[in-house]
Amino acid sequence: MRLLYLAISALFSGLTEGQQTSLHKHSPSVQTLPPLREQAALINGWVAKRKKLIPEILRRYDAEAWLISMLESGEDPVFWILKSAEQFSARRRTMYLFLADGSDDKPFEYSWIDNTPQVWTDLANVIEERNITKLVANIDPKVAFSSGLHYGEGREILTNLNNTIESDVPWSERLINMPGVAISFIALQMDDRLPWYRKLQETAWAIIQEAFSEKVIKPGVTTTTDVEWWMRDKLQSLNFTTWFQPDVSVLNSGDYAPGDPDLPERVITYGDVLHVDFGVTAMGMNTDTQHLGYVLRPGEAEEDIPLGLMEGLRKGNRLQDIVRENMLPDRKGNEILKAAREQMTAEGIEGKIYCHGVGDFGHSGGAAIGMTNLQEFVPGLGEAHLGQRTWHSVELFVEHFVPELGETLNFPLEEDVAWDKETETFEWVYGRQEKFHFVHPAVDQLPLNTEDL
Ligand SMILES: *[C@@H]1O[C@H](CO)[C@@H](O)[C@H](O)[C@H]1NC(C)=O
Ligand SMILES: *[C@@H]1O[C@H](CO)[C@@H](O)[C@H](O)[C@H]1NC(C)=O
Ligand SMILES: *[C@@H]1O[C@H](CO)[C@@H](O)[C@H](O)[C@H]1NC(C)=O
């Protein structure tokens, strides 16, 4: 084991400054959100621009038209991307129809909010006037983003189109499944949003940095659950929210399993290796970040952190690079997974890769690259292409033997990347962790008893 450790140390000690990614020289700080009315103006501008991408998406899939229909409280996932900042749910029957071709006198977008049969007449009129023979509907059996048409609503559409439009071909053959349409619409991002997405990321980093510090953690007193709720309250005080309960764990307690929602509450103590999975939500965007921290013992300085922990983090950084370098836009998620796994094996790295789209949903539309329980092939989103102009979360862990602790730990890391049209690669939105967060021992506070040491 010792020899193996030395060999691995040698392998990773070559990776130093040259590969350090640091977009920011300063420490991350919490970003202030504009007043709600200003946020709404920004969001509505983004929605309007985003809708204009739809004809291009439909043409790419050789589709004529896309129908999205729902009743209030039965929202299609696509609704949350289409809605204005002043809408909080669909109303009555909310129906959108998008066409691949539009011009000044022939719009590419129609929408109705109605609870009378008039909506069927209106829809039929457009279908006949624009000579639409097939409608893409969100009826995919595998991908939620492309299956938002409720079963009852789908039957209602078929009955009413059958009854309203005379045709030889029944509408049951004309509603077609083309999952790439909704996935692409949800995954495609615009440059305008990126500066704000970066601010959200910086805020996530700033909150993690404060959470994993002596300001929040008193060794021997504070529990992992205390830190989680501190993070929730902090978000609320800043007018942000989140899309999942923050997850704080102690890696050297043996508790951690990726995706395990039921970690026990633990009192944090000296020498603990901390892990957090944390997301920030604001202005229709969500982030997803996992970082590591270390609780210094009294008398221990930052440079005294066990070398094995530094090596584990560096190995995690190496796997992040491997994944990011394999994220070529014309590849499918499963192709990236295969290539990255081959490379990690060749480099002697053990671990798991489970990346996903991020942005409008925390786990958003876009190619999936592995899942915690699927390291060979992911059905559904694993078969989606990565694409340009998308955002993803690079989520993974490496296993690394830490000789100072005498055990192998998982080092889970997660950072979000965005397509960069200048470099034509996926770049870290804010950066990636290359240094532990430290909880420093209080100068004036000695531990209560020597066992704490
Ligand atoms: C309507 O579309 C069909 C097939 O897309 C085409 O054969 C037909 O000529 C079109 N009719 C009109 C009036 O444009
Ligand atoms: C629509 O019409 C076709 C035949 O034209 C029929 O097979 C189908 O059941 C009808 N669907 C509904 C929901 O009425
Ligand atoms: C949160 O929003 C309120 C107004 O609703 C505002 O007064 C306050 O300054 C905001 N806080 C921060 C930290 O932006």
Side-chain angles (χ1 to χ4, degrees), residues 22-50 75 79-91 189-218 222-248 274 276-291 293 358-362 364 391 393 414-416 418 428-433 437-440:
S22 194
L23 295 169
H24 40 90
K25 299 275 178 276
H26 58 89
S27 191
S29 45
V30 159
Q31 301 293 302
T32 311
L33 295 171
L36 290 175
R37 194 168 176 175
E38 285 174 34
Q39 290 187 36
L42 282 168
I43 293 167
N44 292 342
W46 295 334
V47 172
K49 264 195 162 177
R50 211 144 167 215
E75 289 79 10
F79 172 80
W80 305 112
I81 319 293
L82 290 170
K83 77 175 197 70
S84 74
E86 296 86 355
Q87 283 177 295
F88 289 83
S89 71
R91 299 292 310 280
Q189 294 293 345
M190 292 166 308
D191 294 340
D192 316 39
R193 285 173 112 196
L194 192 55
W196 273 103
Y197 196 48
R198 195 161 277 143
K199 284 176 199 255
L200 262 61
Q201 299 281 350
E202 180 166 0
T203 304
W205 276 52
I207 295 173
I208 292 172
Q209 180 160 301
E210 189 174 347
F212 279 5
S213 83
E214 57 282 7
K215 282 192 203 151
V216 174
I217 295 175
K218 302 258 174 294
T222 314
T223 69
T224 48
T225 310
D226 291 338
V227 180
E228 290 166 354
W229 285 106
W230 178 88
M231 294 178 106
R232 288 283 308 271
D233 282 331
K234 182 75 178 179
L235 284 171
Q236 173 151 287
S237 74
L238 297 170
N239 298 332
F240 284 80
T241 181
T242 187
W243 58 282
F244 66 98
Q245 177 73 4
D247 193 353
V248 174
L274 304 176
V276 65
D277 193 350
F278 182 57
V280 157
T281 299
M283 300 171 78
M285 294 179 281
N286 303 276
T287 69
D288 203 359
T289 307
Q290 291 181 49
H291 278 191
V358 72
D360 296 86
F361 297 88
S364 198
W391 297 348
S393 188
E414 182 170 21
E415 305 285 3
D416 301 336
W428 306 115
V429 175
Y430 181 72
R432 61 105 178 261
Q433 183 181 28
H437 297 284
F438 289 105
V439 180
H440 297 91

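Hydrogens, waters and symmetry mates play no part in the numbers below; they use all other heavy atoms, side chains included. Just so you know, ligand 1 is whichever comes first in the structure, and atom 1 is the first atom listed for that ligand. On a predicted model such as this, the values are computed, not experimentally measured, just so you know.
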What are the atoms of ligand 3, with element, lying closer than 4.0 Å to any heavy atom of N239? 1 (C), 2 (O), 3 (C), 8 (C), 10 (C), 11 (N), 12 (C), 14 (O)
Quick check with a 6.0 Å cut-off and a 45 degree axis cone: is K49 positioned over the face of W46's six-membered ring? no
So which atom in M283 and which in P34 form the shortest heavy-atom distance, rounded to 0.1 Å? SD-CD, 4.4 Å
For atom 13 (C) of ligand 3, what is the nearest protein heavy atom, given as residue, atom name and distance? S237 O, 3.8 Å
Take atom CD in Q236; do more than 12 heavy atoms of anything else shown fall under 6.0 Å from it? no
On a heavy-atom basis, which atom in I81 and which in R50 lie closest, and how many Å separate them? CG2-NH1, 3.3 Å
Less than 4.0 Å from atom 1 (C) of ligand 3, is there any heavy atom belonging to the protein? yes
Closest non-hydrogen contact found for G279 with L235 is O-CD1, 4.1 Å
Specify whether the nearest protein heavy atom to atom 5 (O) of ligand 3 is under 4.0 angstrom away. no
Would you check whether L33 reaches within less than 4.0 Å of ligand 3, judged by its heavy atoms? no
Less than 4.0 Å between atom 9 (O) of ligand 3 and some protein heavy atom, yes or no? no
State whether F240 and K234 meet the cation-pi test: NZ (Lys) or CZ (Arg) under 6.0 Å from the six-membered ring centroid, and within 45° of the perpendicular axis. no
T32: numbered ligand 3 atoms lying under 4.0 Å from its heavy atoms: 14 (O)
